[in-house]
Asker: 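Pasting a structure here, questions to come.
Hydrogens, waters and symmetry mates play no part in the numbers below; they use all other heavy atoms, side chains included. Naming convention: chains lettered A, B, ... in sequence-line order (proteins, then strands); numbering from 1 in each chain. Just so you know, these numbers come straight off a predicted model, no measurement behind them.
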Amino acid sequence: SQQGEEDPQALSIQEGENATMNCSYKTSINNLQWYRQNSGRGLVHLILIRSNEREKHSGRLRVTLDTSKKSSSLLITASRAADTASYFCATRYSGGGADGLTFGKGTHLIIQP
Amino acid sequence: DGGITQSPKYLFRKEGQNVTLSCEQNLNHDAMYWYRQDPGQGLRLIYYSQIVNDFQKGDIAEGYSVSREKKESFPLTVTSAQKNPTAFYLCASSTGNEQYFGPGTRLTVT
């Protein structure tokens, strides 16, 4: 299946530092979304960036999109212990296919107090 | 209190038995989805429904069945034909781009 890939698979940083996660995908997209999943729970939508946008902010989150490189990054600034979770990018492909989102395998972020 | 609910949270079944997972939403969303998540993996789409009485196969529909008789409900049946049913199952609903997820059901088949 056309799955995105997050990088790194796992990331451990100190509280207060910034965390950056990357996502690569394979074909043309309508939009790219980032979700957070706390252990054993459902996913929570964080932010959506459309294919004609290059950067978007929401609170401590900053997302960039480079369609020429088929990649996106999620930056969490001034991290907190509560940010510990897995983060997934999800793409909605243009040009048909199943109507669900296609998810990467996620980046597991650990914030050390 | 609007949202999407899944029950039960944990489910245990013997091999060879069919089992049905519940998903209910009161968000008035037309579209609903079922995903499967295995340890350390992303989500894979099983089935989706864009409107009542209609549903489509996702990437891994084999061994699963669904129904969409009501807008609020989208139950998933894991049949005995599913070779590796133990997983975390997530239901979601949507009006467009953003998807709202339920808390998930962890199914263990022994």
Asker: Above 12 or not: heavy atoms from other molecules or residues under 6.0 Å from CD of B:E15?
Answerer: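 Count not over threshold, so no.
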Asker: Is chain A contacted by the side chain of B:Q56, its backbone, both, or neither, given a heavy-atom distance below 4.5 Å?
Answerer: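 It is neither, since no heavy atom gets under 4.5 Å.
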Asker: Quick check for you: to the nearest 0.5 Å, what is the distance between A:F103 atom CZ and B:Y35 atom OH?
Answerer: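 OH of B:Y35 is found 5.0 Å from CZ of A:F103.
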Asker: Do you know which of B:Q37, B:R106, B:E98 has the most heavy-atom pairs under 4.5 Å to chain A?
Answerer: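 Heavy-atom pair counts peak at B:E98.
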Asker: To the closest 0.5 Å, what do you measure between CG (B:N97) and CG (A:L48)?
Answerer: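 Result: 5.0 Å between the selected atoms.
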Asker: Under 6.0 Å from the CZ atom of A:R60, do we count more than 12 heavy atoms belonging to anything else shown?
Answerer: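 More than 12 within 6.0 Å, yes.
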Asker: Could you check whether atom CD1 of A:I110 has more than 12 heavy atoms from other residues, nucleotides or ligands sitting under 6.0 Å from it?
Answerer: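 Enclosed: over 12 neighbouring heavy atoms sit under 6.0 Å from CD1 of A:I110.
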Asker: Taking atom OH of B:Y100 as the centre, does the number of heavy atoms from other residues, nucleotides or ligands within less than 6.0 Å exceed 12?
Answerer: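 Not more than 12 within 6.0 Å, no.
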Asker: Measure B:Q6 against the heavy atoms of chain A and call it side chain, backbone, both or neither at under 4.5 Å.
Answerer: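 For B:Q6, no heavy atom lies under 4.5 Å from chain A.
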Asker: Assess the residue pair A:L101 and B:Y33 against the criterion (side-chain contact (heavy atoms from CB on, under 4.5 Å)); give the C-alpha distance rounded to whole Å, side-chain angles, the decisive distance to 0.1 Å, and a yes or no.
Answerer: CA-CA 9 Å; A:L101 296 173; B:Y33 309 84; over 6 Å; no
Asker: Quick one: do the B:Q99 and A:Q33 side chains pair a donor with an acceptor below 3.5 Å?
Answerer: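 There is no such pair (donor and acceptor under 3.5 Å, judged by atom type) between the side chains of B:Q99 and A:Q33.
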Asker: Would A:I13 end up clustered with A:L74 when hydrophobic side chains under 4.5 Å apart are linked, directly or stepwise?
Answerer: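 Yes, it is one cluster - the side chains of A:I13 and A:L74 are joined through contacts under 4.5 Å.
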Asker: Rounded to the nearest 0.5 Å, what separates atom CZ in A:R41 from atom CG in B:L90?
Answerer: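 Going from CZ on A:R41 over to CG on B:L90, the span is 11.5 Å.
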Asker: Are there more than 12 heavy atoms of other residues, nucleotides or ligands under 6.0 Å from atom CD of A:Q9?
Answerer: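 Open: at most 12 neighbouring heavy atoms sit under 6.0 Å from CD of A:Q9.
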